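Take a look at the structure set out below.
A note on names: the letters A, B, ... follow the listed sequences, proteins ahead of strands, and every chain is numbered from 1. None of these values were measured; they are calculated from a predicted model.
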Amino acid sequence: MLRPLTYPILIWIRCSRLYRCLVEVTVELSGQLLPGKPRRRTLKLDQPLTVRDVAVLLELDDEEVGLAVINGIQSEMEDIVPTGSRVCFFPYLSGG
Amino acid sequence: MKILRVDMSQNQIREETVPAAYERLGGRALIAKILLEEVPPTCDALGPHNKLIFAPGLLAGSGVTTAGRLSIGGKSPLTRGAKEANAGGTAGDVLGKLGFKAVVVEGQPSKGDFYILYIDGDEAEILPADDLVGLGTYETSDQLQEKYGSDSTVISIGQAGEGCMGGAGICVTGEGGQRSNYAARGGLGAVMGSKGLKAVVIDKPVGKAVPLADAEKFRTAARTFAQKLINDPKLGTKGSQHLYGTASIVAAVNEIGSLPTRNFSAGNFEGMEKLRGEHLREVTLSRGGEAGTRCMPGCVIACRNVYVDESGKPIVGTLQYETIALLGSNLGLGSLDEVALLNRMCNDFGLDTIETGAALGVAIEAGLADFGDFASIRGLLEQVGKGTVLGRLIGNGAVATGRVLGVRRVPAAVGQGMPGYDPRSLKGNGVTYATSPQGADHTAGNAFGARKEVNPLGVEGQKELSLKLQIIAAMLDSTGLCLFARPPIIAEPQLMVDLVNGRYGWDWTVEDYNRFNRDVLRTELEFNRRAGLTAADYRIPEFMREEPLPPHAATFDIPDSDLDSVFEAL
């Protein structure tokens with residue numbers, strides 16, 4: 001028989017596994033980052049990732065990403081992408 | 001080099017050698033200096049004492065890539081201050097090759113007649129333009145090139161300029177029958193109209209080349225500059241600017257919540273997908289149009305396009321970001337075909353698409369048409385060409401339209417309509433709109449390209465960023481370089497110093513060059529001060545400080561004290 005303290009630990013492990021499975025991120029690519037890839041897709045991640053990790057997952061060349069935006073806010077490549085986010089990757093752009 | 005003085009009061013032309021005070025100036029720098037030295041700052045912008053100045057940049061005609069832009073300037077009827085707007089096409093290049101430092105148009109004809117200024121090599125004459133009065137810029141350019149040669153350059157105004165409307169720009173032709181390169185901003189087309197000048201025609205110079213004081217230094221720097229542009233990830237043949245044109249930024253500006261939508265009431269537009277650069281390229285190429293074409297001879301960026309209809313017939317060349325923002329999302333229109341048709345109308349009437357888009361947004365807010373209803377919007381714009389009272393209202397820009405129609409939400413600063421970045425979510429641009437001596441003008445210091453340096457939604461660092469960008473813009477506008485050519489010069493200022501020294505044999509250092517760029521702003525600010533502009537003019541409209549902009553609920557919260565102190569570090 002399990003000791004009482006073990007139950008919360010098991011629940012925590014179960015929830016965190018469940019959580020891992022539920023990290024969903026919508027990503028969108030623009031311009032030269034697009035060829036050969038879908039413009040939009042939803043990624044199901046088993047753990048929170050940084051913007052750079054997501055870029056790697058999408059096989060984007062780090063050198064080609066000029067701007068990454070999470071939920072409308074410009075972000076750094078080391079920022080963590082929260083679950084339910086929309087992440088847009090743009091190539092280098094110049095103001096019109 | 002020489003200056004051509006054209007006196008429209010006396011119908012006389014004279015050529016003068018360049019005074020020492022103007023010798024080391026070009027483009028915007030020269031315009032600022034002439035305004036300060038020669039134009040009474042409080043004069044009527046549309047009266048005889050204002051001057052219309054055509055000034056190619058310091059590198060004009062020398063074959064440096066992207067350096068052929070023609071600066072046009074005068075006192076603005078919109079901002080009441082110093083104004084410079086520049087255009088691509090062939091005018092800057094040919095005036096440079098002909099050795100013109102500037103063409104200065106002075107006075108005013110007494111009867112309101114219209115004329116052509118015809119420049120053929122060293123000769124120039126003023127000719128009647130009776131047969132061109134009332135024509136749009138397309139027909140004007142067609143008729144003049146038919147008469148003077150298809151390789152001649154035509155600088156013209158349309159009905160808006162003839163009617164001295166504050167939203168009027170000046171149109172410049174380019175190579176191969178190219179139309180609609182615009183020195184659009186600030187109402188300089190109205191100044192040209194007030195001078196009774198319908199067009200300037202310049203014969204193509206044959207066998208003319210600018211002298212190079214140190215050819216080796218110049219050519220080495222010019223080659224390096226071109227190669228750096230080609231290698232730049234934004235600008236080269238694989239770069240966004242070349243592939244998708246200036247429209248490459250539509251999706252990004254929308255994503256950061258700064259795309260003007262329905263008279264600047266939101267920063268996202270639900271119809272953006274059909275306005276974005278990738279869609280523009282796809283539609284253009286699938287219909288047989290052109291993408292990646294040049295507005296100036298020898299430009300290695302080539303960000304222009306020729307947008308065509310479903311049958312492959314050109315509608316407009318070129319469809320640009322600012323136009324898509326102001327005549328598209330700002331009016332609730334999500335169709336490039338519709339934007340292109342409005343763009344063509346503006347080009348033909350000789351209207352700035354930014355000012356006109358802002359004015360139409362205000363008119364729609366007043367109930368004169370409906371957002372997203374192309375037919376009603378086109379109906380409003382048609383009034384400009386007809387010269388009706390309503391058309392003259394729209395043609396006089398956003399501020400005039402708002403004042404007459406009682407609309408408080410007018411997106412303008414220093415009297416000029418705002419370009420395609422809402423300043424509440426790109427605050428660096430707000431600082432530029434409010435404080436630039438040029439008024440709300442993105443080309444005077446666009447923070448979009450510098451978004452990684454400063455958080456667009458934050459307060460910190462915006463005034464420093466704006467000042468830095470304004471100084472760079474002053475440099476570009478004075479050398480004739482395109483705005484997009486800035487990366488190599490920022491990275492290596494010595495390149496620009498070598499180009500100028502190689503061209504003229506001067507002994508400029510990087511410090512001299514920095515002083516030169518800053519002096520442009522100092523001169524313009526001084527002209528504006530003498531013209532009566534005060535801190536109260538250098539402001540963002542009140543509604544943008546109070547009304548949160550979706551999606552970030554952002555307001556323009558840069559303190560007035562920051563706006564007032566931008567130039568303390570100049």
Inset, instruction - Flag the pair B:Asp232 / A:Tyr92 as yes when at least one side-chain heavy-atom distance between them is below 4.5 Å, and no otherwise. - result: no
Legend entry - Neighbour count above 12 (heavy atom, 6.0 Å) for A:Lys37 NZ: yes
Inset, instruction - State, with a plain yes or no, whether a side-chain heavy atom of A:Gln32 is found less than 4.5 Å away from one of B:Ser240. - result: yes
Legend entry - Whether over 12 other heavy atoms sit under 6.0 Å from B:Glu460 CD: no
Legend entry - More than 12 heavy atoms from other groups under 6.0 Å of NZ on B:Lys228: no
Legend entry - Nearest-0.5 Å distance, OG1 of residue B:Thr246 to CG of residue A:Leu93: 11.5 Å
Inset, instruction - Please state whether the side chain, the backbone, both or neither of B:Arg276 comes within less than 4.5 Å of a heavy atom of chain A. - result: side chain
Legend entry - Spacing of CD belonging to A:Glu28 relative to CD belonging to B:Glu255, to within rounding of 0.5 Å: 6.5 Å
Inset, instruction - Could you grab the distance from atom CD1 of B:Ile301 to atom OG of A:Ser94, nearest 0.5 Å is fine? - result: 8.0 Å
Legend entry - Main-chain N/O of B:Ile256 paired to A:Gln74 side chain as donor or acceptor, under 3.5 Å: no
Inset, instruction - Answer yes or no: are there more than 12 heavy-atom neighbours, outside A:Glu63 itself, under 6.0 Å from its atom CD? - result: no
Inset, instruction - Tell me, with the steps shown, if A:Arg39 and B:Glu282 meet salt bridge (Lys or Arg N to Asp or Glu O under 4.0 Å). - result: CA-CA 14 Å; A:Arg39 180 187 293 284; B:Glu282 189 185 314; 5.9 Å; no
Legend entry - chain A contact via B:Pro551 - which portion, at a heavy-atom distance below 4.5 Å: neither
Legend entry - Best-contacting candidate, B:Ser248, B:Cys303, B:Ser425, B:Ala252, against chain A by heavy atom pairs under 4.5 angstrom: B:Ala252
